[in-house]
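All values reported here derive from a predicted model rather than from experimental measurement.
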Amino acid sequence: PTAAATTAAAPTAAAPAPTNTPAPLPEGAAGKLTVIHRTEYFETVQQKFRDAVTDYAKNKGIQLDISTANPEVFGDFLAKMQAAVQAGVPPDLGYHTLSIPQMHSLDIVEDVTDVVEQAIKMYGDVVPVTAAKNAQFDGRWFAVPFMSQTGGWFGRKDVFQAAGVDVNTLDTLDQRRDAALKISDASKKIWGWGLTINKSGDGHGFIVDVLQAFGASFTDQSGQKVTFNSPQAVAAVKWLQETYTGEKYKPMLPPGIESWTDTSNNEAYLAGTIALTANQFSIYAKAKKDKNPVFPNTALLHKFKTNDGKLLEAGQNGWFTIFKGSKNIDIAKELILHMLQPQIFDPMVQEGGALFLPAYKNQWTDEILKIDPNFATVKEIIFNPEAYTGTSYPADPNAAIDGILAAAIPSQMMANVTTGKMSAEDAVKDAHDRIVQLFEEAGLPQA
């Protein structure tokens, strides 16, 4: 996402304090089903979810407490949940996109292997292939895949065509950057490049994508040894430095991109002022819903290829977790399987605008694929056989690696470079040292 900020500002250097979870967590109790869930981009999806849970509780004759929480990566949600578990009053069931490795390491979630095995029996294997890497420990599942989603690159095919460029042929970072520069025209208020490196989910995602394109990684394949300080990471940071501070590429950068947040690129793309961006499907879904004139001219693109020709893309899951010490485990397990039934699940996909998609292979029916002509491409991304694990690649996810983005280390590194505070080499070393400290605090000595 991204909202067009009107004034340029250097990325902030210090990570802000965690965002407070605004309301107290509901307290679990025997005989009262307590469910917390993420907010959905489309209110209709959220309402269908809540209605289905409410009907289930009513039919079971059990009291229900259902609420939204603030489970964001920069927040204090996990700390509050840990305290609730320790106090013996956790909510029963959560639906969210939080880090399962972090939850498992805090010992706040129950083993739900039996539920996942039942879901697989009914609906086929879990997708993407990385789901098990995120939620399975010692062969046991500690979260149930509920839905999937993915991101994509979105390009204004009409703007690129007018400049003689077929946006679907731009496979590499350099090709996309050069084309974005070519089609930019400030006099027409159209800028080619709609990606920020400011502290935000989008900013961190793009920085990590570039690092990985150059062959850099935070750790080795074991996930235990920090390997970030490398020539590959330095080369990636220099590429980003050239893109965001060099004179050559200044004409393609929209005003204020240095201070964009997670809604800024959405707003700019929907306003027709940027021609290329990467995002979750919220940008696409909203354009479609609002009949925005950019929608029919939007091309959905795969991610750019790495410098050695790999396509590192995958989906992510939204999870159901049952919290440790839940007083209503059996009912919570039944509810999960209830929510996966086609008559409950498919209408949420219908309304979700590609933000709410199946997490089991056999749920991807012809009826689902007919909802949107781009769902075939979305399915290709989510079914990618390459076990791309995102930030942790080439390692499996773990709690220490998940902490790197929570500590805003990538955007801090780039702020150190773009403000002139550090060279690329020094900024990479500084980031490496901060990651080492994080790993050692997590009990992974680096000496």
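In summary, the side chains of Gln316 and Gln280 do present a donor paired with an acceptor at a separation below 3.5 Å, with no hydrogens or angles considered. No side-chain donor from either of Thr68 and Arg38 sits under 3.5 Å from a side-chain acceptor of the other. Side-chain atoms of Asn374 and Tyr284 include a donor-acceptor pair closer than 3.5 Å. A donor and an acceptor atom, one from each side chain of Tyr269 and Thr298, are located under 3.5 Å apart. In this model, a donor atom of one side chain and an acceptor atom of the other lie less than 3.5 Å apart for Glu380 and His302. Side chains of Asp174 and Trp239: a donor-acceptor N/O pair is present below 3.5 angstrom, by distance only. A donor-acceptor contact closer than 3.5 angstrom is absent between the side chains of Asn198 and Thr196.
No donor-acceptor pair under 3.5 Å is formed between the side chain of Lys361 and the backbone N or O of Val126. Checked by atom type and distance alone, the side chain of Trp260 never pairs as donor or acceptor with a backbone atom of Leu195 at under 3.5 Å. The backbone N or O of Val89 lies less than 3.5 Å from no partner atom in the side chain of Glu27, so there is not a single donor-acceptor pair. Under a 3.5 Å cut-off, the side chain of Gln446 and the backbone N or O of Gln224 do form a donor-acceptor pair.
Under the side-chain contact (heavy atoms from CB on, under 4.5 Å) criterion, Lys333 pairs with Asp114, Val115, Ile322, Ile329, sequence neighbours left out.
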Quiz prompt | Ser222 and Asp220: CA distance, side-chain angles, deciding distance, side-chain hydrogen bond (donor to acceptor under 3.5 Å, both in side chains) verdict | solution = CA-CA 5 Å; Ser222 74; Asp220 65 6; 2.5 Å; yes

Exercise. Go through the steps to decide whether Tyr95 and Glu40 satisfy the test side-chain hydrogen bond (donor to acceptor under 3.5 Å, both in side chains), and finish with yes or no.
Key: CA-CA 11 Å; Tyr95 157 47; Glu40 298 290 345; 2.6 Å; yes

Exercise. Could you go through the side-chain hydrogen bond (donor to acceptor under 3.5 Å, both in side chains) check for Ser282 and Asn266 one step at a time?
Key: CA-CA 8 Å; Ser282 52; Asn266 292 39; 3.3 Å; yes

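In this structure, the ring of Phe356 has its center less than 6.0 angstrom from the ring center of Phe146. Ring centroids of Tyr249 and Tyr244 are separated by 6.0 Å or more, keeping the two rings apart. Checked against the 6.0 Å centroid threshold, Phe154 and Phe281 count as a close aromatic pair.
Taking CG of Asp171 as the reference point, atom CG of Leu301 lies at 9.5 Å (rounded to 0.5 Å).
Dense packing is recorded around NZ of Lys32, with more than 12 heavy atoms of other residues, nucleotides or ligands lying under 6.0 Å away. In the displayed structure, Lys324 atom NZ is contacted under 6.0 Å by more than 12 heavy atoms of other residues, nucleotides or ligands.
A salt bridge links Asp308 with Lys310: the distance from a Lys NZ or Arg NE/NH1/NH2 to an Asp or Glu carboxylate oxygen falls below 4.0 Å. A salt bridge between Lys421 and Asp426 is absent, with no side-chain N of the basic residue lying under 4.0 Å from a carboxylate O of the acidic one. A salt bridge is absent between Arg140 and Glu110; no separation between the charged side-chain nitrogens and carboxylate oxygens falls under 4.0 Å. Contact check on Asp178 versus Lys182 returns no salt bridge, with no Lys/Arg side-chain nitrogen under 4.0 Å from an Asp/Glu carboxylate oxygen.
Among pairs with a residue in residues 389-424, those fulfilling ring pair (Phe, Tyr, Trp, His ring centres under 6.0 Å) read Tyr388-Tyr393, at least two apart in sequence or across chains.
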